[in-house]
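Working notes for the structure below.
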Number of protein chains: 2
Amino acid sequence: MTRLNRERVLRAAVALADESGIESLSMRRLAQELGVVPMALYKHVANKEQLLDGMVDTVVGEIDPPEPGSDWRGVVRQRILSARRVLLRHRWAYRVIESRTGPTPAVLEYLDSMIGVFRDGGLSVDLTHHVMHAMGSRLLGFSQELFEASGASGGAEPPGPALAQRYPRIAELAAAAAHDGDSVVGGGCDDQFEFEFALDLLLDGFERLRVEGWSPPGRG
Amino acid sequence: MTRLNRERVLRAAVALADESGIESLSMRRLAQELGVVPMALYKHVANKEQLLDGMVDTVVGEIDPPEPGSDWRGVVRQRILSARRVLLRHRWAYRVIESRTGPTPAVLEYLDSMIGVFRDGGLSVDLTHHVMHAMGSRLLGFSQELFEASGASGGAEPPGPALAQRYPRIAELAAAAAHDGDSVVGGGCDDQFEFEFALDLLLDGFERLRVEGWSPPGRG
DNA sequence: GAGAAAAGGTGTACGGCGTACACCTTGGTG
DNA sequence: CACCAAGGTGTACGCCGTACACCTTTTCTC
């Protein structure tokens, strides 16, 4: 077995999280996967937090660079959808990114580049600032649902009529959602459509503000 | 000391999380706070997951009911801002809510009632469905930033010029943000303004779609 | 090539966690 | 008063992250 290094550790960690879920990624389990004693990992990452940081950077590094185009909205759109594809490959990643206390270098670079697209598209510094906030985690392709789509709903809750009676509006929505009965928000829907619906709504809103020459309200 | 019950346990848990942060909420610590042995808690909650579920319901129960009004946007806006105030009182809550695998009863009730406001406001079932998705966690007052505002940035990163050189666009934005130098996204900004900016952008977009009689694109 | 120094890997151990399980204590009911 | 269910206890297990001291291997220098 060749020697360990930081990159091998990170790649193994990402692979392990992809396969077994983030909750089963422990230093001990990762070490075992690498055929090494747990403490060996600490020669390559300072601690578990830094391991997670490194995993985030690995994943964010998979996002395609922006493809230059004349329409800033198209460039943003394409890149965010690329980010989304990456996040769908690594379903644990959005939780980990959100759990970081600060942005990692790869994320900073990504954000910097995104800001560049907005600025080059003609949005003022102020508008870009608020736009970045408004996009929030959507910038990285999160759909930020309230709950994981579908999934085992855990509780032994009666599946149909009882719920429909207690939450009639939810039932109405669920019934209307394309496929058959689904969980409250997310299950049975076309997640990709939902993501793009919200993304385009926001991008259109930004464009409208740009055209109107939006400027921040006076302070105070 | 009076006897324990589920509600006392939940209230103590919420209080402990408020004071010491969610990361220091352990069954053992909570038991100690209640002057009881750890295993005593398990007579009132099945396990830690269910404790967290209960905490979520407690917090969501603090959100004001909708104040009826003629303008659906106003009703939604007011209620979401109430949710946001609650979430700001319990800063650990949004993380816990996101970590739940399924919605709890209080959350279901909240969502149901929110759907009612949209429907009564004249949005079609389909549009309401997508609107709920588009709002995502914003429905509960999350600003869903990429990272916690400000906070100790952990790393010994040089604060100013070096970062500005590597991430010039970020630096430009940061410089323009009202107050002095802040972290990438969040610090030094008026979070409340940012939240309302995005919220109103979305609500305005929804209203526009409603007026235009939006209907879902044909399938396939 | 010899030897030192740096880098990488090991073994043991500690304090924390959630919680299973068997047990005791208490308060309310017949 | 006896009983029994509900509530509280004590012990123990198997995880976790990681500090610390140690050994081994590689790499660098003369």
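Naming: A, B, ... by sequence-line order, numbering from 1 per chain. The model shown is predicted, which means the values in this text are computed figures rather than measured ones.
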Find the distance between [atom1] ([X]) and [atom2] ([Y]) and round it off to the nearest 0.5 Å.
{"X": "Leu87(A)", "Y": "Leu81(A)", "atom1": "CG", "atom2": "CG", "answer": "11.5 Å"}
{"X": "His44(A)", "Y": "Leu34(A)", "atom1": "NE2", "atom2": "CG", "answer": "9.0 Å"}
{"X": "His90(A)", "Y": "Ile97(A)", "atom1": "NE2", "atom2": "CD1", "answer": "10.0 Å"}

Legend entry - Strand contacts (DNA chain C) in residues 23-31 of chain B, 4.0 angstrom heavy-atom criterion: Ser26(B), Met27(B), Arg28(B)

Inset, instruction - Enumerate the residues from residues 11-21 of chain B whose closest heavy atom to DNA chain C is under 4.0 Å, giving them by residue number; use none for an empty result. - result: none

Taking [X] first and then [Y], would you say they form a salt bridge - that is, a charged N and a carboxylate O separated by under 4.0 Å?
{"X": "Arg100(B)", "Y": "Glu49(B)", "answer": "yes"}
{"X": "Glu98(B)", "Y": "Arg95(A)", "answer": "no"}
{"X": "Arg166(B)", "Y": "Glu109(A)", "answer": "no"}

Protein-nucleotide distance ([X], atom [atom1]; [N], atom [atom2]), rounded to Å:
{"X": "Tyr42(B)", "N": "dA22(C)", "atom1": "OH", "atom2": "P", "answer": "17 Å"}
{"X": "Gln50(A)", "N": "dG17(D)", "atom1": "CD", "atom2": "P", "answer": "15 Å"}
{"X": "Glu49(B)", "N": "dT19(C)", "atom1": "CD", "atom2": "C1'", "answer": "13 Å"}
{"X": "Arg6(A)", "N": "dA7(C)", "atom1": "CZ", "atom2": "P", "answer": "16 Å"}
{"X": "Lys48(A)", "N": "dC16(D)", "atom1": "NZ", "atom2": "P", "answer": "8 Å"}

Inset, instruction - Determine the interplanar angle of the His130(A) and Phe197(B) rings, folded into 0 to 90°, and report it as parallel if under 30°, tilted if 30 to 60°, perpendicular if over 60°. - result: tilted

Inset, instruction - Would you please say whether a donor-acceptor pair under 3.5 Å links the side chains of Asp57(B) and Thr104(B)? - result: yes

Inset, instruction - Could you tell me whether the side chains of Thr128(A) and Arg169(B) share a donor-acceptor contact shorter than 3.5 Å? - result: no

Inset, instruction - For the pair Asp112(A) and Leu108(A), evaluate side-chain contact (heavy atoms from CB on, under 4.5 Å) and give the outcome as yes or no after the intermediate values. - result: CA-CA 6 Å; Asp112(A) 193 76; Leu108(A) 283 173; over 6 Å; no

Inset, instruction - Go through Arg73(B) and Asp200(B) one step at a time and tell me if the salt bridge (charged side-chain N to carboxylate O under 4.0 Å, His left out) criterion holds. - result: CA-CA 9 Å; Arg73(B) 276 192 285 180; Asp200(B) 290 338; over 6 Å; no

N/O-N/O pairs, protein side and nucleotides 6-9 of chain D side, under 3.5 Å:
| from | atom 1 | to | atom 2 | distance (Å) |
| --- | --- | --- | --- | --- |
| dG7(D) | O4' | Arg3(B) | NH2 | 3.0 |
| dG8(D) | OP1 | Leu4(B) | N | 3.2 |
| dG8(D) | OP2 | His44(B) | NE2 | 2.8 |
| dG8(D) | N7 | Lys43(B) | NZ | 2.8 |
| dG8(D) | O6 | Lys43(B) | NZ | 2.6 |
| dT9(D) | OP2 | Val37(B) | N | 3.0 |

